Number of protein chains: 2
Amino acid sequence: MLKRSSKGIKKINIKKKTTIKDIANVLNISAAAVSKALHDDSRISAKTKKAVKQVAKNLNYQPNHLASALRSGKSNLVGVIVPRTNSNFFSSVIQSMEEVLNKEGYNIIITQSNESYKKECDSIDTLLFTQVDGIIASMANETVDLKHFEKVKSKGIPLILFDRGENDLNVDYIGINDYQSSHMIVEHLVKQGCKRIAHIGGFKRTRIFNNRIKGYIDALKKHQLPLDDELLIESSLTIKEGRKKMAELLQLKHRPDAVYVAGDYAALGALQVMNEQNINMPNDIALVGFGNEPFTAMVTPSITSIEQHSTDIGKQAAKTFLAYTEKTNIKQKLNKIILDAELVVRDSSKKEQ
Amino acid sequence: MLKRSSKGIKKINIKKKTTIKDIANVLNISAAAVSKALHDDSRISAKTKKAVKQVAKNLNYQPNHLASALRSGKSNLVGVIVPRTNSNFFSSVIQSMEEVLNKEGYNIIITQSNESYKKECDSIDTLLFTQVDGIIASMANETVDLKHFEKVKSKGIPLILFDRGENDLNVDYIGINDYQSSHMIVEHLVKQGCKRIAHIGGFKRTRIFNNRIKGYIDALKKHQLPLDDELLIESSLTIKEGRKKMAELLQLKHRPDAVYVAGDYAALGALQVMNEQNINMPNDIALVGFGNEPFTAMVTPSITSIEQHSTDIGKQAAKTFLAYTEKTNIKQKLNKIILDAELVVRDSSKKEQ
DNA sequence: GAATAATGGTTAAACGTTTAAACAACTATT
DNA sequence: AATAGTTGTTTAAACGTTTAACCATTATTC
């Protein structure tokens, strides 16, 4: 309550934030003029602008984001939804998106779906509630129903998907060429002399995994290798599933001499099982993963994998969002960006010649 | 511009969001009454409340967060700053914080400092700009100067630190008992018969690492083991540094028979070097890490480590923040919560008896 | 049956900006 | 000298809520 300091009583610091109005009072001009000056409006004289900015600095003025967002209808916030942040791929995508967006005055809000459909819906509600100006997302594994994404679109809020997307949604998408990546992997394995290549894939219903499966099949055909049903397995690609499916493959009368796993975590599970059973990698069985998570280089043997250029993906996703915010926003056509991936060959598949 | 559909012209969906006012109009009551009804104000009759809620649902009303935040001065947003999300510890802390906070109507904004002091400052500015109601942070490795945190405090915004904190700041803190954890580790190694235990620690200037060092020293003394300067090393605890420091230890005339590394990533580096040099773990040299990152269980040999109960830390941090928001907020005293950690023994230190 | 209390609202201002429209004081044009 | 244009500013409304203060009924009390 006390505003002035008085003897013996410590000055109570009333943290009244300085507003545009305070600046106006100091200079004896209107609040509107201050607002315009701060935004470099052409109708304000250079002299006034300079004075306003000086006073703003002196009073340590910080614009009230809520007020301007309310008035202008723009929050300058972008929502990001990822299955989890705890993966090098996602955290690195986020980092590069952030970099691009911050530069343009946008901040990001990160939420995790934890691969759960329900949490994904909640995340969307949260973000809409926070009045984000756009949403960049990668779908949860569980997600089949797309109503919640439709909702975003129907509100006129830009929606950009990356990595895990859906064609039916008809939104912007940034990802890598999964089909071609599978080709690269199979080709590499063939070169190493492998003739019986298994694939522990993701669920076909998810487009990227379906593409990897298709690429695998077509590449086998191309090299006139037999396509054996028991060598093509669908799974959720967790470590546990990787272990289980690998164990199943090892039960086969006619074992594969290479296993291509559509995700690094599942590949790790497979590696563990093979290590436990003293299988020589790559000579008995070669192993390839997908995603180039850092641990692929750490384990023994190190795992060959696909680098997805997360930094590029993040950058492109951010730019795609920014395109919506530009004034010259005349019926922008959808952006479908497919980046080329890169095979990183490591011990698990590199046979000595 | 078109609001009504006319023949041949597709209805243009004007996405006018429904407001409290729309609801009021439908029911022929005041907007204020609607607001109160939605907040279950006691001055509104049950009948009216029911009607309001029904109409709100029908019109698909979504409260405008910006407006309420502006008016009430509360954004219901909590800012979180972590060195990186790409670590199981941090992502798991975040997840449990989120859970607690969401339940109370708060959403979180995550930002990463990337262990950089400058980015940490930027993050704070970003969060203050977004008018968060509080900040929960873990300090970057680089951070020494604490002005940016003082700024938060001086604005009267609750600041809670976890894991990497600073005593001088005089803010709430949640972490584990680093000193005691070191004791547990040394004790475990002694039990395994180790007599020359090295410590690759973090920088002394960071309190948690200093505590680990102190714990290490005191535990050695307690067991009357020699404290050898060349066995106590400071480092930044990256994988690379772990490799380097381990290589140095192996150069010693009198090698250690156990190495306790204050971070899992550095421990991994140490492990790689020892594997490369065909050192038998744990029999030649036992290895212990800190943090219980998932990969510690994946590598060969699996690494003994300290579980920090990230879920608890997150929960406590969130609760500490919530305590500030309660009305009965009479000069709350600082919360310093120190949780007990747990030693997870794995192959890298478990000698066969 | 007058005073008091309880109930269930309404009014209007406020939060800090932005912005369309109005206006005043010049300068330039015819 | 009248008109138009330019420049730099002010006014006032608006964004969608929340909330203090007020008011009108109806119920309760003695």
Side-chain angles (χ1 to χ4, degrees), chain A residues 14-53 55-56 59-77 105 128-133 155 327, chain B residues 14-53 55-56 59-77 105 128-131 133 155 325 327:
Chain A
I14 302 271
K15 291 140 189 144
K16 199 78 174 47
K17 280 176 193 155
T18 63
T19 75
I20 224 173
K21 209 140 197 230
D22 299 325
I23 301 178
N25 284 338
V26 170
L27 293 170
N28 251 327
I29 58 176
S30 72
V34 173
S35 171
K36 286 180 180 160
L38 290 172
H39 287 89
D40 272 328
D41 189 297
S42 64
R43 309 297 304 271
I44 299 292
S45 70
K47 185 183 325 171
T48 311
K49 279 180 191 169
K50 206 172 158 189
V52 166
K53 282 172 188 171
V55 174
L59 298 184
N60 191 24
Y61 168 72
Q62 299 260 152
N64 185 324
H65 157 255
L66 296 171
S68 65
L70 172 60
R71 174 61 230 246
S72 65
K74 302 270 98 194
S75 69
N76 274 36
L77 251 30
L128 291 179
F129 171 75
T130 318
Q131 324 282 128
V132 294
D133 290 346
K155 294 210 178 234
K327 281 112 204 183
Chain B
I14 302 271
K15 290 138 190 148
K16 200 76 174 53
K17 279 176 196 157
T18 63
T19 75
I20 225 175
K21 204 134 203 239
D22 299 326
I23 301 177
N25 284 339
V26 171
L27 293 170
N28 251 326
I29 58 178
S30 72
V34 174
S35 170
K36 286 179 181 164
L38 290 173
H39 287 89
D40 273 328
D41 189 296
S42 62
R43 308 300 303 272
I44 300 293
S45 71
K47 186 184 321 169
T48 311
K49 280 180 189 169
K50 205 171 158 190
V52 166
K53 283 172 187 172
V55 174
L59 297 184
N60 191 24
Y61 168 73
Q62 299 258 154
N64 184 324
H65 155 254
L66 296 171
S68 64
L70 173 59
R71 175 59 230 247
S72 63
K74 301 270 97 194
S75 70
N76 275 37
L77 251 31
L128 292 178
F129 172 74
T130 319
Q131 325 281 131
D133 291 345
K155 292 208 180 236
T325 68
K327 281 115 204 178

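To find a chain, count down the sequence lines: A is the first, B the second, and so on, and within it residues start at 1. Worth knowing before you read on, the calculation uses all heavy atoms, side chains too, and leaves out hydrogens, waters and symmetry mates. Keep in mind the model is a prediction, meaning the values are calculated, not measured.
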Rounded to the nearest angstrom, tell me the gap between atom [atom1] in [X] and atom [atom2] in [N].
X	N	atom1	atom2	answer
Gln131(B)	dG16(C)	CD	P	10 Å
His65(B)	dC15(D)	NE2	C1'	15 Å
Asn64(A)	dT17(D)	CG	P	17 Å
Asp41(B)	dA21(D)	CG	P	15 Å
Phe129(B)	dG16(C)	CZ	C1'	13 Å
His39(A)	dA20(C)	NE2	P	13 Å
Arg43(B)	dT25(D)	CZ	P	16 Å
Lys21(A)	dT18(C)	NZ	C1'	14 Å

Fill in the blank from the handout: Rounding to 0.5 Å, atoms NZ (Lys50(A)) and OG (Ser45(A)) come to a distance of 11.5 Å
Fill in the blank from the handout: The reported gap from CD1 in Ile29(A) to OG1 in Thr48(A) (rounded to nearest 0.5 angstrom) is 6.0 Å
Problem - Minimum side-chain heavy-atom gap Thr18(B)-Asn60(B) below 4.5 Å - result: no
Handout entry: Test item: Asp133(B) and Thr325(B) side chains (from C-beta on) under 4.5 Å apart, heavy atoms
Key = no
Problem - Under-4.0 Å side-chain N/O to phosphate OP1/OP2 contact, Ser45(A) with dT7(D) - result: no
Fill in the blank from the handout: Sorted by number, residues from residues 66-74 of chain A placing a heavy atom under 4.0 Å from DNA chain D are Leu70(A), Arg71(A)
Fill in the blank from the handout: Sorted by number, residues from residues 25-38 of chain B placing a heavy atom under 4.0 Å from DNA chain D are Ala32(B), Ser35(B), Lys36(B)
Determine the minimum heavy-atom distance between [X] and [Y], stating which atoms define it.
X	Y	result
Leu66(B)	Ala69(A)	CD1-CB, 3.6 Å
Ser75(A)	Gln131(A)	OG-O, 2.6 Å
Ala56(B)	Leu38(B)	CB-CD2, 4.4 Å

Handout entry: Any donor-acceptor pair under 3.5 Å from Lys17(B) side chain to Lys155(A) backbone
Key = no
Handout entry: Sidechain-backbone polar pair: Asn64(A) side chain, Thr19(A) backbone, donor-acceptor under 3.5 Å
Key = no
